Engineer: 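My questions all concern the structure below.
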Amino acid sequence: MKKFICCVIVVTALIVPGVVQAQEDSKNEGSISMLEETVVTAGRVEEKKKEITANVTVIDEEEIKMSSATDLGDLLIKKGIGHSHKYPGGLTPIGIRGFRSETHGIDLEGYVIILLDGHRIATGNASKIMTKNIERVEIIRGPASVQYGSAAMGGIVNVITKQGKGKPTVFAEGMLGSFDYTEKSAGFSGKINMFDFSGSFTRSGMDDYNTAGNIDGDIYYNTGYHRKDNYSLNIGTEFLPGNRVGLIYTNYEGDRIGNPDALYQNDLDDYNDSSNRSLDLTYDGRTSEGLFSWKAKYYEGKNKDKWFDPITSNPDGWDDGLPRKVTTDYKGAQAQVSLNQEYLLVTTGFDWMNYKTEDDTYTPKSTEYDNPAYFLLAKTRLLDKRLIFSGGLRYDKYEVEVKKGEGGKEDDNNLSPRFGAAYLLTDYLKIRANYGEAFRMPSADELAANYPGWFGNYIGNPNLDPEQSKTYEGGFDFSLASLNLSLTYFTTDFEDKIETKSLPSGDITWENVGKAEMSGFEGELSYDIGFLFDWDFQLKPYAGFVHLNEYKDKETDENLKYTSDWNVSYGITLSDYNGLYANLNIAYIGKQNIDDWRAGYPAPVIEKGSFSVANLTIAKKIVDTENFGDITLKAEIENLFDKDYEYVNDYPMPGRSFFLGLRYDY
């Protein structure tokens with residue numbers, strides 16, 4: 001893999017000098033640099049990518065539409081942003097820079113945050129976010145606590161719902177595939193006078209899948225699911241120029257999702273139901289000349305996971321066979337105002353978030369999280385707007401309560417800074433540097449627990465400090481016509497990690513004891529060969545990678561477990577601009593140290609090997625009419641070379657799978 005990356009760098013070095021002059025002429029022909037792309041996540045307002053000092057990746061609507069991914073987890077895995085701990089069924093925490101989102105608990109207990117239209121949704125499970133009715137996905141790599149608060153150490157993934165524009169359109173789509181996979185979708189989008197609207201509905205189902213390795217593969221029982229439904233709606237009205245009120249509703253429902261356990265002890269009947277619902281009321285406005293702009297939002301929702309463990313699958317009596325459930329009701333508000341002068345952008349605002357969680361698992365309890373915060377973000381443009389300085393401060397107040405036993409209330413606070421600089425050497429080459437601090441507030445249990453558990457009493461530690469990280473990074477972005485290149489080096493010091501500790505009394509508490517260091521490179525490269533040779537079709541090879549050259553626990557001097565040294569996504573895309581699209585994507589996941597639980601307790605540490613998985617997507621418009629709409633035929637092959645692979649040890653993924661679908665657009 002190191003040879004592959006070296007080849008990418010060498011080829012780039014050879015290509016750039018030869019094509020710059022040729023593509024310089026193209027600027028007069030309407031080509032648009034990727035640095036001119038508008039993003040909103042990094043500074044919570046619309047900004048040109050060329051003015052952002054952090055490393056930001058954008059997955060646009062066309063790429064999402066043509067991807068074989070059906071949910072956000074699969075989409076990010078294929079993009080290669082970092083190691084994701086994917087299980088069969090519907091569980092995919094996502095990783096960025098050696099950190100990962102939380103899955104079974106609430107998202108505040110993780111280190112990567114998933115946002116939906118700029119706010120939290122109480123889960124770190126990316127498989128709960130479907131890919132229909134999404135305008136784009138914006139990814140901040142690195143600390144983002146200044147913008148979004150606790151748990152944003154590794155980065156932010158912001159999923160932005162599509163907003164209707166232009167002439168109204170509708171679509172209907174259906175797909176059939178291996179393992180009795182079925183999917184059906186319908187949606188609409190557009191704008192009529194002052195009203196805009198966009199929405200979709202998707203339902204899918206799948207039986208248990210076969211693993212790879214022989215002609216027919218082995219059935220991995222209980223890996224299918226009865227049904228996954230996803231609803232998405234975004235409606236609004238621009239009652240004055242630049243002033244819009246809107247409503248966004250999303251709802252994911254997963255029914256009877258298999259929970260198979262590891263293959264060597266395949267559980268045949270455990271399953272779970274899961275859901276995530278969100279409702280937003282928004283107001284965006286600005287003055288006529290654009291000097292001032294403002295945003296206000298109120299949101300609420302519910303995240304639920306319910307696990308069913310029939311007694312027949314637990315003959316040893318360890319479990320009582322009763323369902324276990326975790327439900328989080330969340331709500332919040334955001335308000336901000338921005339001053340945008342020619343050489344200065346200032347944004348200040350207020351965030352408030354409240355979580356109420358009912359945890360009916362093995363130690364039932366109720367907890368509440370309340371988090372008001374204040375932030376100030378600023379950016380100045382100097383030297384004819386080529387030199388950019390940015391910075392920000394955020395103050396978070398955090399109050400938790402445990403409503404079980406003698407648990408009580410505790411509070412804490414944190415101040416997060418960030419500083420960055422970028423310089424446009426040319427209109428298509430930017431160098432950048434950034435420093436940011438991030439934190440994870442202690443959970444309610446860690447601060448305020450005082451109740452009996454299975455193995456002793458849980459005793460919170462009110463003297464805990466928030467977990468902290470400090471990240472330095474530098475890099476460059478090059479974007480000229482069809483050539484796009486980005487490279488970033490980062491280093492992160494992580495300290496005050498909260499870990500459990502057994503007391504002499506047999507009780508369990510928490511202490512700040514852990515430290516770690518992570519550093520590495522991440523990069524992206526794409527180039528349209530068809531543009532270079534003036535072909536009438538696009539032929540675009542691409543590659544993206546993350547390499548951790550250091551990821552050590554400072555206490556033990558050992559590599560961090562469940563952390564891959566390499567994550568690479570590469571492939572090639574073909575498009576004739578007239579209804580033909582094809583993409584071959586290969587995702588490489590590097591080796592990692594893991595606990596071998598099959599060997600018993602205490603589990604020895606072993607090395608889990610690397611693997612690559614290839615996916616092929618081909619779409620062709622077979623009917624193209626002006627008055628009656630278009631029909632597109634789409635075919636996909638997942639795991640093209642039938643590789644035996646697994647993101648989590650002993651949880652193998654499906655063998656070679658085939659899918660065929662039709663889409664009607666009008």
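Treat the numbers as computed from the prediction; the structure is a model and nothing was measured. Excluded from the calculations below are hydrogen atoms, water molecules and symmetry mates; all remaining heavy atoms, backbone and side chain alike, are included.
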Engineer: Inspect the contact between Lys331 and Asp370 and indicate whether a charged nitrogen and a carboxylate oxygen are less than 4.0 angstrom apart.
Structural biologist: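 Salt bridge: no.
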Engineer: Would you call the rings of Phe494 and Phe99 parallel, tilted or perpendicular, where under 30° means parallel and over 60° means perpendicular?
Structural biologist: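 Plane angle over 60°, so perpendicular.
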Engineer: Would you say the side-chain atoms of Thr57 and Arg141 include a donor-acceptor pair closer than 3.5 Å?
Structural biologist: yes
Engineer: Got a salt bridge between Arg244 and Asp284, using NZ or NE/NH1/NH2 to carboxylate O under 4.0 Å?
Structural biologist: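 No, this pair does not count.
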Engineer: From the options Lys48, Lys385, Arg386, select the one residue that forms a salt bridge (charged side-chain N to carboxylate O under 4.0 Å, His left out) with Asp427.
Structural biologist: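 That would be Arg386; it is the only one of Lys48, Lys385, Arg386 passing the salt bridge (charged side-chain N to carboxylate O under 4.0 Å, His left out) with Asp427.
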Engineer: Report yes if some heavy atom in the side chain of Lys128 is under 4.5 Å from a heavy atom in the side chain of Ile121; otherwise report no.
Structural biologist: no
Engineer: Under 3.5 Å, is there a donor-acceptor pair between the Glu300 and Tyr298 side chains?
Structural biologist: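 Judged by distance alone, the side chains do pair up.
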Engineer: Can you see whether Arg432 engages Thr488 through a side-chain donor-acceptor pair at a distance of less than 3.5 angstrom?
Structural biologist: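 The criterion, which ignores hydrogens and geometry beyond distance, is satisfied for Thr488 and Arg432.
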Engineer: How many angstroms lie between atom OH of Tyr395 and atom CG of Leu415, to the nearest 0.5 angstrom?
Structural biologist: 8.5 Å
Engineer: Looking at side-chain heavy atoms only, is the closest gap between Glu63 and Asn583 below 4.5 Å?
Structural biologist: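 Glu63 vs Asn583: side chains apart.
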Engineer: For Ser101 and Asp107, test the side chains for any donor-to-acceptor distance below 3.5 angstrom and give the result as yes or no.
Structural biologist: no
Engineer: Can you confirm whether more than 12 heavy atoms, excluding those of Glu46, are under 6.0 Å from its CD atom?
Structural biologist: no
Engineer: How about NZ on Lys497, more than 12 heavy atoms from neighbouring residues, nucleotides or ligands closer than 6.0 Å, or not?
Structural biologist: yes
Engineer: Check whether any side-chain heavy atom of Glu473 sits under 4.5 Å from a side-chain heavy atom of Arg97, and report yes or no.
Structural biologist: yes
Engineer: Knowing that exactly one of Leu487, Ile431, Leu485 qualifies, which makes a side-chain contact (heavy atoms from CB on, under 4.5 Å) with Phe478?
Structural biologist: Leu485
Engineer: Would Ser482 and Asp528 count as having a side-chain donor-acceptor pair, cut-off 3.5 Å?
Structural biologist: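 No - no donor-acceptor pair under 3.5 Å links their side chains.
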Engineer: Which residue is it: Val40, Val137, Leu115? I am looking for the one with a side-chain contact (heavy atoms from CB on, under 4.5 Å) to Ile160.
Structural biologist: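 Only one of Val40, Val137, Leu115 forms a side-chain contact (heavy atoms from CB on, under 4.5 Å) with Ile160, namely Val40.
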Engineer: Is any side-chain heavy atom of Ser278 closer than 4.5 Å to one of Tyr330?
Structural biologist: yes
Engineer: Given side chains that start at C-beta, do those of Ile139 and Ile59 come closer than 4.5 Å, heavy atoms only?
Structural biologist: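 In contact.
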Engineer: We want to know whether Ser569 and Asn585 form a side-chain donor-acceptor pair, criterion being a heavy-atom distance below 3.5 angstrom.
Structural biologist: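 Note: Ser569 and Asn585 side chains meet the donor-acceptor criterion.
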Engineer: Quick one: are Glu51 and Arg381 in side-chain contact, heavy atoms under 4.5 Å?
Structural biologist: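 Heavy-atom side-chain distance check passes, below 4.5 Å.
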Engineer: Calculate, to the nearest 0.5 Å, the distance between atoms OG1 and CG belonging to Thr563 and Leu548 respectively.
Structural biologist: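 Nearest 0.5 Å value for the OG1-CG distance: 7.5 Å.
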Engineer: Kindly check if the number of other-residue, nucleotide or ligand heavy atoms within 6.0 Å of NZ (Lys552) is above 12?
Structural biologist: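 For Lys552, atom NZ is crowded (more than 12 foreign heavy atoms under 6.0 Å).
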Engineer: Quick check: do Val346 and Leu344 have side-chain heavy atoms less than 4.5 Å from each other?
Structural biologist: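 Of all side-chain heavy-atom pairs linking Leu344 with Val346, at least one is under 4.5 Å.
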Engineer: State whether the number of non-hydrogen atoms from other residues, nucleotides or ligands found under 6.0 Å of Lys50 atom NZ is greater than 12.
Structural biologist: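 Atom NZ in Lys50 is not crowded, with 12 or fewer foreign heavy atoms closer than 6.0 Å.
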Engineer: Is it true that Thr491 and Ser519 share a donor-acceptor pair across their side chains at a distance under 3.5 Å?
Structural biologist: no
Engineer: Check Glu446 with Arg440, please: is the shortest side-chain N to carboxylate O separation under 4.0 Å?
Structural biologist: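 Yes, charged N to carboxylate O under 4.0 Å.
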Engineer: Can Lys165 and Glu135 be counted as an ion pair, charged N to O under 4.0 angstrom?
Structural biologist: yes
Engineer: Find out whether His85 and Thr103 are in side-chain contact, i.e. whether some heavy atom of one side chain is under 4.5 Å from a heavy atom of the other.
Structural biologist: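 A side-chain contact under 4.5 Å is absent here.
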Engineer: Distance alone, cut at 3.5 Å: any donor-acceptor contact between the side chains of Gln163 and Ser198?
Structural biologist: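 Absent: no donor and acceptor within the cut-off.
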Engineer: Would you tell me whether Thr53 and Asn434 have side-chain atoms, one donor and one acceptor, within less than 3.5 Å of each other?
Structural biologist: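 Yes.
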Engineer: Classify the ring geometry between Tyr355 and Tyr369 as parallel (under 30°), tilted (30 to 60°) or perpendicular (over 60°).
Structural biologist: perpendicular
Engineer: Answer yes or no: is there an ion pair linking Lys297 with Asp117, defined by an N-O contact shorter than 4.0 Å?
Structural biologist: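 Asp117 and Lys297: not salt-bridged.
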Engineer: What distance do Thr492 atom OG1 and Glu550 atom CD have between them, rounded to the nearest 0.5 Å?
Structural biologist: 11.0 Å
